[in-house]
Participant: 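Quick one: the structure is below, and I'll ask about it shortly.
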Amino acid sequence: VHQMKTPLSVIQLTLQDIDDDAVADSIQEELERLRKGLEMVLYTSRLDSFEDDFRVEPTLLRQAVSEVVTENRRLFIRRGIRPDIQVDEALTVYTDAKWLRFMLSQILTNAVNYTSGTGKSVTISSYRQGKDYVLQITDQGIGISPEDLKRVFNPYFTGERGRQYHESTGMGLYLVREICARLGHKVELQSSLGEGTLLRLIFN
């Protein structure tokens, strides 16, 4: 994976010399897909040695969310989806910032990719629930069928709706669940067909 990052960087630099904006945008989109695929492979492999690769410390939740939204800004723009961040700037949770950003990237990518039509939004909000803090991501997407809801956290499961969107690997939510379990967090998901999906990360 690390060896493949170098040619990707070279291609990124070469893009600056392409005058045709449409061609450049198309290549940029494919580059982003390659990067996300490589990142998923890398983080999946790190799960086996998770105990040696995490550090729990106070983390500003809004800062982590903003960084991930910025990293995925091209995807939001390309899909015509607006990110709506409603997270208290002072809210601090105990987690591993690196793994949290990876989880947020998986969740937000799903939220955007499964939202069809422009002018819609993905809302990222936070609130207190007893002693816990909750980060809630709500999209206005196609939703998940009731029969698929029980299996969305299974590895490689894409479901009926996922097969309609060829970018689905079926690994994103599985990794989110595994990482949450290792960090002592919880993940919950609710969805209705045609109405969107709501996912909660619960920090205790």
Side-chain angles (χ1 to χ4, degrees), residues 28-29 32-33 35-37 39-40 43-44 61-88 91 93 95 97-127 133-146 148-180 183 185-203:
Q28 183 67 55
E29 183 176 348
E32 289 175 12
R33 286 176 178 162
R35 283 201 184 95
K36 285 186 179 297
E39 184 181 59
M40 183 171 288
Y43 276 81
T44 301
L61 198 51
R62 184 184 177 94
Q63 180 178 326
V65 169
S66 298
E67 288 174 359
V68 174
V69 168
T70 299
E71 289 170 5
N72 289 277
R73 64 186 180 281
R74 290 180 182 273
L75 178 62
F76 277 95
I77 293 169
R78 189 165 62 245
R79 299 281 185 173
I81 307 298
R82 181 177 64 88
D84 181 12
I85 303 175
Q86 302 176 11
V87 180
D88 189 335
L91 177 55
V93 296
T95 188
K98 175 181 81 268
W99 286 98
L100 174 61
R101 287 194 298 269
F102 174 75
M103 288 194 294
L104 289 174
S105 184
Q106 298 303 311
I107 296 166
L108 290 176
T109 298
N110 277 354
V112 174
N113 281 334
Y114 287 103
T115 298
S116 57
T118 58
K120 296 184 178 180
S121 62
V122 171
T123 303
I124 308 105
S125 57
S126 63
Y127 59 91
Y133 288 105
V134 179
L135 182 69
Q136 182 168 289
I137 297 95
T138 309
D139 66 44
Q140 298 175 319
I142 60 175
I144 303 169
S145 64
D148 285 346
L149 266 176
K150 296 178 181 178
R151 297 185 287 170
V152 292
F153 290 105
N154 293 348
Y156 306 110
F157 179 76
T158 57
E160 178 185 350
R161 310 296 272 181
R163 285 188 285 273
Q164 299 173 18
Y165 289 74
H166 302 299
E167 295 180 24
S168 177
T169 63
M171 287 296 288
L173 287 179
Y174 163 72
L175 290 171
V176 168
R177 185 191 65 179
E178 291 297 304
I179 294 165
C180 278
L183 289 173
H185 307 328
K186 296 178 183 176
V187 56
E188 298 177 348
L189 186 142
Q190 293 176 292
S191 187
S192 299
L193 276 178
E195 297 181 10
T197 298
L198 182 156
L199 186 144
R200 300 185 189 94
L201 291 178
I202 303 170
F203 306 87

Participant: Of all residues at least two apart in sequence or in a different chain, which pass the side-chain contact (heavy atoms from CB on, under 4.5 Å) check with Arg35?
Facilitator: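 Listed in chain order: Leu8, Gln12, Gln28, Leu31.
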Participant: Side-chain contact, heavy-atom cut-off 4.5 Å: Glu67 with Val65?
Facilitator: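 Heavy-atom side-chain distance check fails, nothing below 4.5 Å.
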Participant: Any side-chain heavy-atom pair from Ser116 and Ile142 closer than 4.5 angstrom?
Facilitator: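 Touching, per the 4.5 Å side-chain cut-off.
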Participant: Between Gln136 and Ser125 (side chain of the first, backbone of the second, donor and acceptor by atom type, cut-off under 3.5 Å), is there such a pair?
Facilitator: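 No, Gln136 side chain to Ser125 backbone: no donor-acceptor pair under 3.5 Å.
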Participant: Start with the C-alpha gap between His185 and Thr95, add the side-chain angles, then the distance that decides, and say whether side-chain contact (heavy atoms from CB on, under 4.5 Å) holds.
Facilitator: CA-CA 8 Å; His185 307 328; Thr95 188; 2.9 Å; yes
Participant: Less than 3.5 Å apart, which donor and acceptor atoms pair up between the side chains of residues 68-77 and the rest of the protein, not counting sequence neighbours?
Facilitator:
residue: Thr70; atom: OG1; partner: Ser66; partner atom: O; Å: 2.9
residue: Asn72; atom: OD1; partner: Lys36; partner atom: NZ; Å: 2.5
residue: Asn72; atom: ND2; partner: Val68; partner atom: O; Å: 2.9
residue: Arg73; atom: NH1; partner: Thr70; partner atom: O; Å: 2.8

Participant: Could you check if a side-chain atom of Glu32 sits within less than 4.5 angstrom of a side-chain atom of Arg78, using non-hydrogen atoms only?
Facilitator: yes
Participant: Not counting sequence neighbours, which residues clear side-chain contact (heavy atoms from CB on, under 4.5 Å) with Glu178? List them please.
Facilitator: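 For Glu178, the residues satisfying side-chain contact (heavy atoms from CB on, under 4.5 Å) (neighbours in sequence not counted) are Leu47, Tyr174, Arg182.
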Participant: Residues two or more places apart in sequence or in another chain: which of them pass salt bridge (Lys or Arg N to Asp or Glu O under 4.0 Å) with Glu195?
Facilitator: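 Checked Glu195 against salt bridge (Lys or Arg N to Asp or Glu O under 4.0 Å); zero matches.
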Participant: Output all residues satisfying side-chain contact (heavy atoms from CB on, under 4.5 Å) with Glu39, sequence neighbours left out; order by chain, then residue number.
Facilitator: Tyr43, Phe102, Ser105, Gln106
Participant: How about Ile137 and Leu198: do any of their side-chain heavy atoms sit closer than 4.5 Å?
Facilitator: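 No, side chains not in contact.
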Participant: Sequence neighbours left out, what passes side-chain contact (heavy atoms from CB on, under 4.5 Å) with Tyr133? Give chain and number order.
Facilitator: Leu91, Val93, Arg128
Participant: Find out whether Asp84 and Gln86 are in side-chain contact, i.e. whether some heavy atom of one side chain is under 4.5 Å from a heavy atom of the other.
Facilitator: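 Heavy-atom side-chain distance check passes, below 4.5 Å.
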Participant: Considering only heavy atoms from C-beta outward, does the side chain of Ser145 approach that of Leu193 to under 4.5 Å?
Facilitator: yes
Participant: Would you give the length of the straight line joining atom CG of Leu135 to atom CG of Leu104, rounded to the nearest 0.5 angstrom?
Facilitator: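 If we round to the nearest 0.5 Å, Leu135:CG and Leu104:CG are 6.0 Å apart.
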Participant: May I have the step-by-step check of side-chain contact (heavy atoms from CB on, under 4.5 Å) for Ile124 and Val87, ending in yes or no?
Facilitator: CA-CA 7 Å; Ile124 308 105; Val87 180; 4.2 Å; yes
Participant: Would you check, one step at a time, whether the test side-chain contact (heavy atoms from CB on, under 4.5 Å) holds for Thr44 with Met171?
Facilitator: CA-CA 9 Å; Thr44 301; Met171 287 296 288; 4.2 Å; yes
Participant: Closest heavy-atom contact between Ser191 and Thr197?
Facilitator: OG-OG1, 2.8 Å
Participant: Is the shortest heavy-atom distance from the side chain of Leu201 to the side chain of Val176 under 4.5 Å?
Facilitator: yes
Participant: Minimum heavy-atom separation for Arg62 and Asp88, please, with both atom names.
Facilitator: CB-O, 3.8 Å
Participant: Check whether any side-chain heavy atom of Leu173 lies under 4.5 Å from a side-chain heavy atom of Phe157, and answer yes or no.
Facilitator: no
Participant: Can you tell me how far CD of Gln140 sits from OG1 of Thr123, rounded to the nearest 0.5 angstrom?
Facilitator: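 Between atom OG1 of Thr123 and atom CD of Gln140 there are 6.5 Å.
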Participant: Atom SG of Cys180 and atom CD of Glu188: how far apart are they, to the nearest 0.5 Å?
Facilitator: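 Between atom SG of Cys180 and atom CD of Glu188 there are 10.5 Å.
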Participant: Begin from the C-alpha positions of Thr115 and Arg79 and carry the test side-chain contact (heavy atoms from CB on, under 4.5 Å) through to its verdict.
Facilitator: CA-CA 8 Å; Thr115 298; Arg79 299 281 185 173; over 6 Å; no
